[in-house]
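Before any comments, here is the structure.
The first residue of the sequence shown is numbered 1, and numbering continues consecutively from there.
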Amino acid sequence: MTKYKLSEISEIKNGKKIRSREGSIPIYGSNGQIGVTNQANSPKNSIIIGRVGANVGSVFFSENQSWISDNAMYLSSDTNKVDSIYLFYYLKNLDLNRLAHGSAQPLINQKILNNLELDLPCLKDQKKTSTRIALFDKKIELNNKINANLAY
């Protein structure tokens, strides 16, 4: 295991306000996908983290380019040190909401996230683990769709 600060293995950027809600590129906010647009402000394989509001600290993953709203942040990983999907699952299980401050509008900022210390296995083990977990997630997603269809 190697200890890293999040800032050593990724770059975090704040999202921006969206103007157009037409297109096919997903828009992510602090509670997941909230619409579509015709432009992107984040690269493929981005990890999205809710920045403000009731869903502060929520973690999502976008395989495709997407637009990240001003209620969220996104990080791009250094793929020489960390597997993006492994990092997504790692962060998802940290309960980032506990790091929020402010009572009326809970908030997490880049400074808080950049200072997070993570213990990571070697890159080979990360990839092996993330591949297995992603297979289970895809199976769960498929089963949920089948169940939804059976409900009709």
Side-chain angles (χ1 to χ4, degrees), residues 1-121 123 125-127 129-138 140-141 144-145 148:
M1 297 290 246
T2 305
K3 253 194 201 315
Y4 291 103
K5 283 193 174 186
L6 190 55
S7 62
E8 296 173 322
I9 58 172
S10 66
E11 180 181 9
I12 303 174
K13 294 185 179 176
N14 286 340
K16 297 187 182 276
K17 187 172 180 153
I18 187 70
R19 288 176 177 61
S20 170
R21 291 196 177 252
E22 296 176 5
S24 60
I25 296 171
I27 302 169
Y28 284 90
S30 64
N31 60 340
Q33 188 173 341
I34 58 173
V36 292
T37 189
N38 57 6
Q39 54 188 327
N41 67 353
S42 70
K44 293 180 179 184
N45 299 320
S46 289
I47 298 167
I48 299 116
I49 299 174
R51 185 182 69 76
V52 65
N55 294 311
V56 67
S58 298
V59 183
F60 307 96
F61 188 82
S62 180
E63 293 177 349
N64 302 308
Q65 288 184 322
S66 54
W67 184 273
I68 310 306
S69 82
D70 53 349
N71 288 334
M73 296 177 273
Y74 64 96
L75 30 120
S76 302
S77 307
D78 177 348
T79 56
N80 294 315
K81 294 180 181 174
V82 65
D83 178 72
S84 297
I85 297 172
Y86 184 90
L87 183 58
F88 159 70
Y89 286 115
Y90 191 107
L91 293 172
K92 191 174 174 106
N93 286 297
L94 282 183
D95 184 26
L96 296 176
N97 182 275
R98 68 185 164 74
L99 303 173
H101 61 279
S103 55
Q105 272 290 69
L107 172 77
I108 291 180
N109 59 33
Q110 289 185 27
K111 184 178 179 182
I112 292 169
L113 291 177
N114 277 325
N115 286 315
L116 269 177
E117 287 194 354
L118 314 172
D119 282 323
L120 299 176
L123 191 55
D125 288 347
Q126 290 176 40
K127 289 180 186 227
T129 301
S130 66
T131 299
R132 288 180 181 158
I133 294 172
L135 286 173
F136 281 110
D137 267 358
K138 288 192 186 304
I140 290 167
E141 184 180 331
N144 287 339
K145 286 179 181 177

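Not one N or O on the side chain of Ser20 forms a donor-acceptor pair closer than 3.5 Å with the backbone of Thr37.
Within 6.0 Å of the CZ atom in Arg19, the count of heavy atoms belonging to other residues, nucleotides or ligands does not exceed 12.
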Discussion item. Run the side-chain contact (heavy atoms from CB on, under 4.5 Å) test on Lys81 and Asp78 for me, step by step, so that the C-alpha distance in whole Å, both residues' side-chain angles and the decisive distance to 0.1 Å come before the verdict.
Written reply: CA-CA 6 Å; Lys81 294 180 181 174; Asp78 177 348; 3.7 Å; yes

Practice prompt. Might you work through the side-chain contact (heavy atoms from CB on, under 4.5 Å) test for Ile25 and Val36, ending with a clear yes or no?
Written response: CA-CA 5 Å; Ile25 296 171; Val36 292; over 6 Å; no

Worksheet entry | Verdict with reasoning, Ile34 to Ile27, per side-chain contact (heavy atoms from CB on, under 4.5 Å) | CA-CA 6 Å; Ile34 58 173; Ile27 302 169; 3.6 Å; yes

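The nearest pair of heavy atoms linking Ser130 to Ile85 is CB-CG2, 3.7 Å.
Side chains of Glu117 and Tyr4 form no contact here, defined as non-hydrogen atoms less than 4.5 Å apart. At least one side-chain heavy atom of Asp137 sits less than 4.5 Å from a side-chain heavy atom of Tyr89.
Here the CD1-CD distance, from Ile68 to Gln65, works out to 11.0 Å after rounding to the nearest 0.5 Å. For the atom pair OG1 (Thr2) and CG (Asp119), the distance works out to 8.5 Å, reported to the nearest 0.5 Å. Atom CG of residue Leu96 and atom CD1 of residue Ile112 lie 10.0 Å apart, to the nearest 0.5 angstrom.
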Identify each donor-acceptor pair in which a side-chain atom of residues 69-77 lies under 3.5 Å from a protein atom, sequence neighbours left out, and give them as a table.
unit_1, atom_1, unit_2, atom_2, d
Ser69, OG, Tyr28, O, 3.4
Ser69, OG, Asn71, N, 3.2
Tyr74, OH, Asn41, O, 2.8

Output a table of donor-acceptor pairs, distance under 3.5 Å, between side-chain atoms of residues 8-18 and any protein atom two or more places apart or on a different chain; print 'none' if there are none.
unit_1, atom_1, unit_2, atom_2, d
Glu8, OE1, Lys5, N, 2.8
Ser10, OG, Leu6, O, 3.0
Asn14, OD1, Gln110, NE2, 3.3

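Annotation: ring-ring contact (aromatic ring centres under 6.0 Å, His included) contacts of Phe88 (sequence neighbours excluded): Phe61.
Using modelled atom types and a 3.5 Å distance limit, the side chains of Ser84 and Asn45 yield no donor-acceptor pair.
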